[in-house]
Asks: 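First, the structure itself, so that you have it in front of you.
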Amino acid sequence: MNAYVIHLFIMLCIYIVLTTSMNLAVGFTGLINLGHIAFYAIGAYTSALLAVKLGLPFWVGLLAGGCMAAFFGYLLSFPTVRLKGDYLAIGTLGFSIILEAVLKNWTSLTRGPLGIPGIPKPELFGLTFSSLELYAILAFTLALITFTVLKIVTVSPFGRVMKAVRDDEVAAKTLGKNTFRVKAKVLTLSAFFAGVAGSLYAHYITFIDPTSFAITETILIFSMVLVGGTGSLWGSIAGAFVIGILLPEPLRFLDLPSSIVGGMRQALYALLMILVIMKRPQGLIGEDTFHSMWHNVKRRFKFA
Amino acid sequence: MLTVKGLKKSFGGVHAVRDCNFTVKEGSITALIGPNGAGKTTVFNLITGLLRPDAGDVRFKGEPLTDLQSHEIFHAGIARTFQLLRIFPKLSAIENLMIAQPGSEGMFDMFTKTKRIRDEEQTKHERAVEYLRVVGLEKKKDLKGGDLSYGQQKLLDIARCLSTEADLILLDEPVAGVNPTLREGIKKLLVNLKKQGKTILLIEHDMNFVMGMSDKVIVLDHGEEIAEGKPSAVKKNKKVIKAYLGE
Amino acid sequence: MAVWAQLIMNGLIAGSIYALMAAGFSLMFALQRFMNIAHGSSYVVAAFIAYTFAVILKFPMWISFLIGILAAAVLGILINLIIFQPLQKQKEKNNALLLSSFGVFLLVEAIILMVYGADVKSFGLPVKVGMDVLGAKVTPVQLVIICMAPVIFGLLALFLYKTKTGVALRATADNETIAKTMGINVRFMTYLTTGLGSALGGVAGILVALEQNLEHSMGMMAVLKGLTAAIIGGIGNVPAAILGGYLLGLAENIGVWYVPSGYKDAIGFGVFILFLLFRPQGFFGEKRREEASG
């Protein structure tokens, strides 16, 4: 198979882990987390440093990256979940910017702007995932696990509580739900998978530096989630595909200077995001799309 | 069952509740009435922990509630409805009720207690259907809460509150904006509930609605209790007449 | 002593800028009731438009500045008109408004990047040696910043508290429904606050551009600092936001004495988190009536 296509597939899998986990917070629970990219960065750096500095195996780094991101997600939830959603948004945005500064300035650990090169390819069960095909299988497996776990969480009674918190937090409280704890748990789990995605990315590209996790990258994930459809995991997959793979490809063939391409990408994502919010808040595949399709089918059969 | 003593709450210098004292007896229907802005909903919000009182004491079955959070107060046995509807618009009618049922709701319970969750969901579903039937909404069970009409949403809110099987039920204007037929239906429902031994405290703006069925009426005006007693007595109270008709 | 004088002076310089951002932000928040991240656009746009006129088109400096500030105000009003007004009608408007303001901010930033490129620009003012002011070294531009901010705040206070329009504006912020019944044109007030708030952001942007230089990405930190200052002071309250701005500026610049300067922004963030934890209503804010009451 074409190496470039496999590369796109691997990136798609990484995006899916990122978007589905972000959707858990944004779409299912109504938590505006503008710092998902920061958790991604934490996962990537943790995993990369453990591998490069301590020589720990990939799966340890993967879990540690996820747990470290989850830990910060949990910490951030403390000051913010009791307040109006705006505070969480500003808090996560601030966190993301501060993290970027820390990655740039803590040179003794992160090598600052020089980045971390030579991150080893994963080894599992005596197998080195150095070929593209093998890495694609690994990425796909992790995306599948993420999707399954999140799917089960969202359809469980806990998932129902998440949606209730999103729809009406006051009502959820008076029905006995500890909404603060629900929000903290969701942020933690969401951050965990962002960390996993970061680790997966670091060991694939084998080089990371602070610019890979700039705040402007958040817009990419956000437009994926919003265009795909908030409150729908399938929507997030669709969004990752459309925004992450389909859309940027034509841009590559235009021979433009990098500041223009970078600007165009950002403008395009931002514009899409605004348009979706204004014109089609449910996104490509909304929370109700399958539900109402199923209803239509049932209705047809009954009346036919 | 519920004792409210010296309850006070003000918002930026405006006294919403000044000095509120009353008790609710087990197995009774108590009505909290008063003109608009009398502080009735604020009293509910204080009881259910959505607001913190400036002073005063609320006790339920002898236990103080004032330091508990809303969700803990629910678990102590108090459920409520809202004057401005607060159903979950994107959950289906049946889910709106299932969420009010007890059961394990941990994030990973589906992985660790699969069997138990499945059984609980079954029970929740059955009970939810049962209560939807009580308010005549069983045919709408798969519709989203937000797609129901105003009256249906009102019924759904009441059904959700009842299905919790809480010991004390607080209803905030259950018949406001509801047509007369439905109004009678809700009245019958409440009387039936009382017969089953439920305790109900309801807020109503309309005096006539509560007169027939309440055991006790408490009248609030400008955050203060101005009368309390049997409906027939309260109706004749001069202060009450003045508060309602104005000067 | 000299060190402290310098730290405090630096704090006042940064504080003036934060206060300008925070005042503009608070003015808008008072009517729109959401944290408008797009406020950062006015900061960037004013600086770049002023740069275009002053440096590229060789207009006189002060005219270029006025055009820049005007551009920021117009942009703010346009964004409000095209995006926020329609969204105010949506059901779940708060998240939609917040997210779209983030989108707008990044869109404007991207357009600036495409038009002006990624390289750092400057007004090219001759570098002047700092003068001694109360034991601290201060450049002329910095002195302008320190002196100009209070003048602007004074004018703003005169407008808000002494003019009929200003009183109407505060009445609208206090209670929109009552303001409407009193015959106040609420929509006009929204545009007025947006224009005014964006202009304040524009002033901040131009001042910083004069003092340092211009970059397409300069708005993100500015909006974050402005928001932080407004929250620290007490959200939706303009005088409190201004004081919050100075407080934040001083905290960061005095704190820098104790930690490496690369972490200056982290100090601001730390202060922000502390406020969220222990005093979310802000330093001067009163606890608002909770949204819970039905």
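Quick note on labels: first sequence line is chain A, next is B, and so on, each numbered from 1.
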Asks: Less than 4.5 Å to any heavy atom of chain A: does that hold for the side chain of B:T81, its backbone, both, or neither?
Replies: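 It is neither, since no heavy atom gets under 4.5 Å.
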Asks: Between chain B and each of A:L189, A:V161, A:V182, A:T174, count heavy-atom pairs under 4.5 Å; write down the option with the most.
Replies: A:T174
Asks: Is B:R86 paired with A:D168 through a side-chain N to carboxylate O contact shorter than 4.0 Å?
Replies: yes
Asks: Tell me if the CZ atom of A:F140 is crowded by more than 12 foreign heavy atoms within 6.0 Å.
Replies: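 Counting other residues, nucleotides and ligands, CZ of A:F140 stays at 12 neighbours or fewer.
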Asks: With side chains defined as the heavy atoms from C-beta onward, is the minimum distance between A:T188 and B:M107 less than 4.5 Å?
Replies: no
Asks: Above 12 or not: heavy atoms from other molecules or residues under 6.0 Å from CD of B:E72?
Replies: yes
Asks: Would you call B:E105 and A:R160 a salt bridge, taking side-chain N to carboxylate O under 4.0 Å as the test?
Replies: no
Asks: Would you indicate whether B:K140, at its atom NZ, is surrounded by more than 12 heavy atoms from other residues, nucleotides or ligands within a distance under 6.0 Å?
Replies: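 Open.
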Asks: Who wins among A:I152, A:V153, A:L175, A:T179 for the most heavy-atom pairs under 4.5 Å with chain B?
Replies: A:L175
Asks: Can you tell which part of A:V149 gets under 4.5 Å to a heavy atom of chain B, answering side chain, backbone, both or neither?
Replies: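 Both backbone and side chain.
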Asks: Just to verify, which of B:Q101, B:K124, B:E120, B:E95 counts as forming a side-chain contact (heavy atoms from CB on, under 4.5 Å) with A:P157?
Replies: B:K124
Asks: Considering residues, nucleotides and ligands other than A:M68, do more than 12 of their heavy atoms fall under 6.0 Å from its CE?
Replies: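 Result for CE/A:M68: open.
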Asks: So for atom CZ, which belongs to A:F71, do other residues, nucleotides or ligands contribute more than 12 heavy atoms lying within a distance under 6.0 Å?
Replies: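 Open.
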Asks: Working to the nearest 0.5 angstrom, can you tell me the gap between A:F158 CZ and B:M110 CE?
Replies: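 The CZ atom of A:F158 sits 12.5 Å away from the CE atom of B:M110.
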Asks: Look at atom NZ of B:K61 and say whether more than 12 heavy atoms of other residues, nucleotides or ligands are closer to it than 6.0 Å.
Replies: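 Yes, because the 6.0 Å sphere around NZ of B:K61 holds more than 12 heavy atoms from other groups.
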Asks: Say whether, by atom type as modelled, one donor and one acceptor occur between the side chain of B:H71 and the main chain of A:K173 under 3.5 angstrom.
Replies: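 Checking the backbone N and O of A:K173 against the side chain of B:H71, no donor-acceptor pair under 3.5 Å is found.
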Asks: Nearest 0.5 angstrom please: B:K113 NZ to A:S156 OG, how far?
Replies: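 If we round to the nearest 0.5 Å, B:K113:NZ and A:S156:OG are 11.5 Å apart.
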Asks: Please classify the contact of A:R181 with chain B as side chain, backbone, both or neither, using a heavy-atom distance under 4.5 Å.
Replies: neither
Asks: Using atom types as modelled and distance alone, determine if a side-chain donor or acceptor of A:K177 lies under 3.5 Å from a backbone N or O of B:I99.
Replies: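 Yes; judged by distance alone, with no hydrogens or angles, the pair exists.
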